[in-house]
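Comments concern the structure below.
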Number of protein chains: 2
Amino acid sequence: MCAASNLARPALASRLRPRKPVAESRFDRRQAEILKHATEVFYEKGYEGASMRDLSRATDTSLAGLYYYFESKERLLYLIQKHTFTTIVERLKERLQGVPDPEQRIRIFILNHLEYFLANQKAMKVLSHEDDALKNGFGQEIAGIKREYYRICVDLLEKFKEAKALEFKSRIAVLSLFGMMNWIYTWHNPRVDANAAELARQMGDIFLRGILAAGPGKAASKKKPGSAN
Amino acid sequence: MCAASNLARPALASRLRPRKPVAESRFDRRQAEILKHATEVFYEKGYEGASMRDLSRATDTSLAGLYYYFESKERLLYLIQKHTFTTIVERLKERLQGVPDPEQRIRIFILNHLEYFLANQKAMKVLSHEDDALKNGFGQEIAGIKREYYRICVDLLEKFKEAKALEFKSRIAVLSLFGMMNWIYTWHNPRVDANAAELARQMGDIFLRGILAAGPGKAASKKKPGSAN
DNA sequence: CTATAATTGGAACGAACGTTCGATAAATCA
DNA sequence: TGATTTATCGAACGTTCGTTCCAATTATAG
């Protein structure tokens with residue numbers, strides 16, 4: 001984890017913290033808690049719409065206190081995005097280990113994405129919705145993680161395509177899949193809609209059947225699902 | 001069209017405009033032009049991030065001049081959203097007339113959506129991205145149009161489902177389809193990606209095959225989705 | 001305990017925000 | 001032409017923005 005080392009200390013707290021062998025210090029704990037509440041506020045009001053005073057109120061911290069933990073509002077958003085994105089990629093890699101079947105791997109991708117998305121819906125909306133709010137330095141790093149995640153999905157699809165001798169445009173397919181999954185932050189209601197596993201199954205069915213029916217050569221729209229090759 | 005009657009006049013211009021039988025007055029033309037430029041600014045900076053001074057600069061209008069044409073910043077966003085959404089629904093209804101085949105009707109829906117989306121990409125991003133920026137009064141009217149549009153799509157799908165004796169959750173299917181289509185504002189690059197007709201064909205293929213393969217009864221792919229956790 | 005570092009809050013900074021006002025210029029019509 | 005509406009402008013209003021400074025408070029170490 002080593003979360004602390006990633007976080008810039010404000011001037012007052014910039015001295016090296018000596019011997020702190022335990023996992024997280026008081027500083028780290030409080031910082032994480034502020035981030036959690038800040039995520040909620042960004043979720044509700046958007047990045048530009050949320051003021052530091054909103055965050056101050058929501059986190060029960062004085063305005064100056066916020067600047068003790070975060071050097072700027074932008075950095076706050078950056079930390080939320082980085083943590084969220086890094087975690088989802090980490091979990092995906094763990095889950096993919098030891099699973100060879102191409103279709104199964106795609107289903108794992110979908111499940112991992114939806115599960116994390118729904119469990120951290122607010123953070124994920126902030127991630128999806130404010131993905132161009134960060135200026136050059138910060139923005140590029142997040143964009144890099146995003147590109148890696150996208151690459152993983154493309155690779156999964158192309159392995160699948162190869163194994164089944166299919167023909168379709170990977171780029172369109174991947175981006176369609178992302179669209180299906182990411183859009184849920186606009187409509188998912190936990191009291192009405194199914195949970196992540198069930199959604200993953202349904203979306204996986206639609207998507208996988210959709211690309212599975214695309215045999216080599218023609219891509220006819222009439223029902224000819226049987227001819228996989 | 002009668003666009004003028006929908007637009008609130010500021011106090012100075014609130015008197016009824018007598019006999020203006022021709023399509024659009026000077027007022028309407030200038031207002032429409034400001035809206036066009038404002039759409040661009042909202043697209044680039046977001047609603048909260050764009051200031052009236054940004055809009056003033058982009059439209060070559062003084063700050064006070066803006067308030068002669070629009071009574072508030074919120075109203076500006078409202079007019080952009082309303083015009084965009086109303087137009088897309090109108091066009092869809094026209095295109096659906098006289099087409100009986102359920103599959104064909106869904107393909108028309110997709111094509112209409114993507115075509116309008118790509119031709120008015122900036123307005124559509126503003127529409128998708130700022131859909132909760134409007135306060136109660138304005139927001140509900142836009143939400144109403146959106147609900148109508150959603151309903152149309154559900155009906156198309158259910159007719160299709162009935163005709164083909166399929167079984168799938170319409171809600172999930174519709175929202176997945178919207179996700180696929182709406183997400184393009186985050187990635188579409190006209191110099192790299194296909195045009196609307198081709199995209200509509202590809203997405204239509206993925207989506208229609210996906211739901212078409214869901215015959216009555218079981219909806220199984222051969223493997224069960226691996227351990228949910 | 002005292003001394004030192006970590007943490008907090010109150011008050012204020014200049015800048016930018018959305019909006020308003022009153023005066024002026026341009027267009028329209030008698 | 002003069003009278004009257006339509007359009008545009010610069011300047012300012014009060015508020016809120018992100019951020020900073022500094023004194024006061026609390027926790028930790030010697």
Side-chain angles (χ1 to χ4, degrees), chain A residues 4 7-22 24-34 37-38 41-42 45-78 133-135 138, chain B residues 4 7-22 24-34 37-38 41-42 45-78 133-135 138:
Chain A
L7 307 178
R9 293 280 140 65
L12 283 177
S14 63
R15 297 185 131 288
L16 291 173
R17 198 185 319 277
R19 80 216 130 198
K20 215 54 171 186
V22 287
E24 49 176 24
S25 64
R26 185 155 93 95
F27 180 92
D28 295 324
R29 254 179 290 120
R30 183 108 173 81
Q31 188 176 60
E33 195 184 334
I34 293 178
H37 288 118
V41 178
F42 283 148
K45 319 186 83 160
Y47 174 69
E48 300 273 5
S51 71
M52 291 300 273
R53 284 158 183 88
D54 291 331
L55 301 177
S56 160
R57 208 174 306 117
T59 58
D60 249 328
T61 312
S62 71
L63 209 40
L66 284 181
Y67 282 90
Y68 177 72
Y69 287 99
F70 308 94
E71 64 194 15
S72 71
K73 185 186 175 188
E74 190 180 18
R75 175 117 202 158
L76 234 155
L77 176 61
Y78 163 78
L134 293 173
K135 294 296 178 188
F138 290 152
Chain B
L7 308 178
R9 292 283 139 64
L12 284 175
S14 63
R15 296 186 131 286
L16 291 172
R17 199 183 317 278
R19 77 212 134 200
K20 213 56 171 186
V22 288
E24 48 177 23
S25 64
R26 186 155 94 97
F27 182 94
D28 295 324
R29 254 179 290 123
R30 183 107 173 83
Q31 188 176 59
E33 194 183 337
I34 293 178
H37 288 118
V41 177
F42 283 148
K45 319 186 83 160
Y47 174 68
E48 300 273 4
S51 72
M52 291 300 275
R53 284 160 184 86
D54 291 330
L55 301 177
S56 159
R57 209 173 306 117
T59 58
D60 250 328
T61 313
S62 71
L63 206 41
L66 284 181
Y67 282 88
Y68 176 72
Y69 287 97
F70 308 94
E71 65 194 15
S72 72
K73 184 187 175 189
E74 191 181 16
R75 176 115 203 159
L76 234 155
L77 176 61
Y78 163 78
L134 293 173
K135 295 293 177 189
F138 289 152

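Chain letters run A, B, ... following the sequence lines, proteins first and then strands; every chain starts at 1.
- For the pair B:Leu63 and B:Arg53, the minimum side-chain heavy-atom distance is below 4.5 Å.
- Although no hydrogens or angles enter the test, the distance criterion places a donor-acceptor pair under 3.5 Å between the side chain of A:Glu74 and the main chain of A:Lys135.
- For B:Tyr47 and C:dC17, the OH to P distance is 14 Å, given to the nearest whole Å.
- In this structure, the CZ atom of B:Arg57 is 17 Å from the C1' atom of D:dC9, given to the nearest Å.
- Atom CG in B:Leu63 sits about 13 Å away from atom C1' in C:dC21, given to the nearest Å.
- Contact annotation for B:Ser62: base contact, defined as any heavy-atom pair under 4.0 Å involving a base atom.
- Distances shown here put a side-chain N or O of B:Tyr68 below 4.0 Å from the OP1 or OP2 atom of D:dA7.
- Regarding A:Phe70, its CZ atom lies at a distance of 15 Å from the P atom of D:dT20, rounded to whole Å.
- Distance from the side chain of B:Lys73 is smallest for C:dT19 among the nucleotides C:dT19, D:dT19, D:dC9.
- Between B:Leu55 and B:His37, every side-chain heavy-atom pair lies at or beyond the 4.5 Å cut-off.
- Residues A:Asp54 and A:Ala64 both approach DNA chain D. Their nearest nucleotides, taken by heavy-atom distance, put A:Asp54 toward the 5′ side.
- Among the atoms of the strands shown, base atoms are found under 4.0 Å from some heavy atom of B:Arg53.
- Looking at the side chain of B:Met52, the nearest of the listed nucleotides D:dG18, C:dG18, D:dA7 is C:dG18.
- The nearest whole Å value for the distance from the CZ atom in B:Arg75 to the C1' atom in C:dT19 is 16 Å.
- Geometrically, B:Lys73 engages B:Tyr47 in a cation-pi contact defined by less than 6.0 Å to the ring centre and at most 45° from the axis.
- When side chains are defined from C-beta on, B:Phe70 does not count as touching B:Met52, because their heavy atoms never get closer than 4.5 Å.
- For B:Tyr69 and D:dT8, the shortest distance from a side-chain N or O to OP1 or OP2 is below 4.0 Å.
- OP1 or OP2 of C:dC17 lies within a sub-4.0 Å distance of a side-chain N or O belonging to B:Ser51.
- Separating the CZ atom of A:Arg30 from the C1' atom of D:dT26 is a distance of 13 Å, rounded to the nearest angstrom.
- In this structure, B:Tyr67 places its OH atom 17 Å from P of D:dC13, rounding to the nearest Å.
- Between the CD atom of A:Glu48 and the P atom of D:dT16 there is a distance of 18 Å, given to the nearest Å.
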